[in-house]
Number of protein chains: 2
Amino acid sequence: MVTPEGEPVLRGTPYRADCPTRRILDRIGDRWTVLIVGALWDGPARFSELGRRIEGVSQKMLTQTLRGLERDGIVRRTVYPEVPVRVEYTLTEAGRTLREPLRALEEWSIAHLGDVSASQEAYDRGSASS
Amino acid sequence: MVTPEGEPVLRGTPYRADCPTRRILDRIGDRWTVLIVGALWDGPARFSELGRRIEGVSQKMLTQTLRGLERDGIVRRTVYPEVPVRVEYTLTEAGRTLREPLRALEEWSIAHLGDVSASQEAYDRGSASS
DNA sequence: CAGCATCCTACATGATACTG
DNA sequence: CAGTATCATGTAGGATGCTG
């Protein structure tokens, strides 16, 4: 199928930065989302437990990322009004379905990590030859 | 299997920010990589053609992202010493294999975009009730 | 315990001008 | 055409201190 100008229809859909995939990538592309989803995959966890499980995360980023995930319906936040208060985070059903695409990515990463590293070294060697 | 301290090995592997998946996410998580891979999926393209295909990309970011992808072995850059010079970008074999995980992500995005949006609206409504 | 508020810095991205 | 170089800026993220 072709437009009146003879241009394939596909060309009429330029690659836009606001596609659905981009919205998800903005989520999982940040530094902590994937780690949190991974840490919650084993089971629910409290705030401080998450902080301990995930290496290097600051309190601020943990809070901020969890809020975003809660807002997106990926994580459920449950407050137990005990003293002191206990807050538990769980993956929602939607959150659990995220595992498949993430695993596809993980497998690709593991499978190609060697190639990528080798390519980088070769590239850097080439550029360094001054 | 347990460490000398009696800690399960799995717990000895806290979620780290430097896993292979994170390295790939740092690549595809940026604003342009996925768009470029998508634009090159149809076939090779020249620099300016890519700029035209991808909405909103600046010359600088196009160059920068392409260099990174070339360094990672995802994209191949070929210079034809004509006048004026012609440069063609192609997906490498490794680049083409990236399609599967990206498509898994895309499908998840499309399948859950509605849920996510609904969850966000509900979340925002709840917070707005002052 | 589980945060919120504030300040501060580094870096990612963009706009603009210039070049082989 | 296909970049490079420079400058400007928004924001992600970290450090710190305080609170219900």
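Throughout, a chain's letter reflects where its sequence line sits, starting with A, and its residues are numbered from 1.
- Remark: P of C/dT13 and CZ of A/Arg22 are 9 Å apart, rounded to the nearest angstrom.
- The CZ atom of B/Arg27 sits 13 Å away from the C1' atom of C/dA12 (whole-angstrom rounding).
- Distance from the side chain of B/Lys60 is smallest to D/dT6 among D/dA2, D/dT6, D/dG20.
- Ion pair A/Asp18/A/Arg23 not flagged as a salt bridge, since none of the NZ, NE, NH1 or NH2 atoms sits closer than 4.0 Å to an Asp/Glu carboxylate oxygen.
- Each of B/Val87 and A/Met61 was matched to the nucleotide of DNA chain D holding its nearest heavy atom; the match closer to the 5' end belongs to B/Val87.
- Remark: C1' of C/dA12 and CG of A/Asp30 are 15 Å apart, rounded to the nearest angstrom.
- The CG atom of A/Leu66 sits 15 Å away from the C1' atom of D/dG13 (whole-angstrom rounding).
- Look at CD on A/Glu88: it is 16 Å from P on C/dC1, rounded to the nearest Å.
- Backbone-only contact: B/Tyr89 has heavy atoms under 4.0 Å from sugar-phosphate atoms and none from a base.
- Without hydrogens or angle criteria, B/Thr63 side chain to B/Gln59 main chain gives a donor-acceptor distance under 3.5 Å.
- Under the 4.0 Å criterion applied to side-chain N and carboxylate O atoms, B/Arg46 and B/Glu88 are not assigned as salt-bridge partners.
- Here B/Glu106 does not pair with B/Arg103 in a salt bridge; the nearest charged N to carboxylate O distance is not below 4.0 Å.
- The distance from atom CG of A/Asp26 to atom P of C/dT13 is 10 Å, rounded to the nearest whole Å.
- From B/Thr90, atom OG1 reaches atom CZ of B/Arg96 across 8.5 Å, with rounding to the nearest 0.5 Å.
- Here C/dC1 is the nucleotide among D/dT4, C/dT13, C/dC1 with the atom lying nearest to any side-chain atom of A/Val85.
- In this structure, of C/dG14, D/dG13, C/dC1, it is C/dC1 that holds the atom nearest to the side chain of A/Ser48.
- Atom CG in B/Leu62 sits about 11 Å away from atom P in D/dT4, given to the nearest Å.
- Using a 4.0 Å heavy-atom distance criterion, A/Gln59 is classed as a base contact.
- Listed pair A/Arg77 / C/dG3 meets the phosphate criterion, a side-chain N or O lying under 4.0 Å from OP1 or OP2.
- Comparing C/dA2, D/dC1, D/dG3 by their closest approach to the side chain of B/Arg46 singles out D/dC1.
- Picking from C/dG3, D/dC1, D/dG3 the nucleotide with the shortest atom distance to the side chain of B/Pro84 gives D/dC1.
- The separation between A/Gln64 atom CD and D/dA12 atom C1' is 8 Å, rounded to whole Å.
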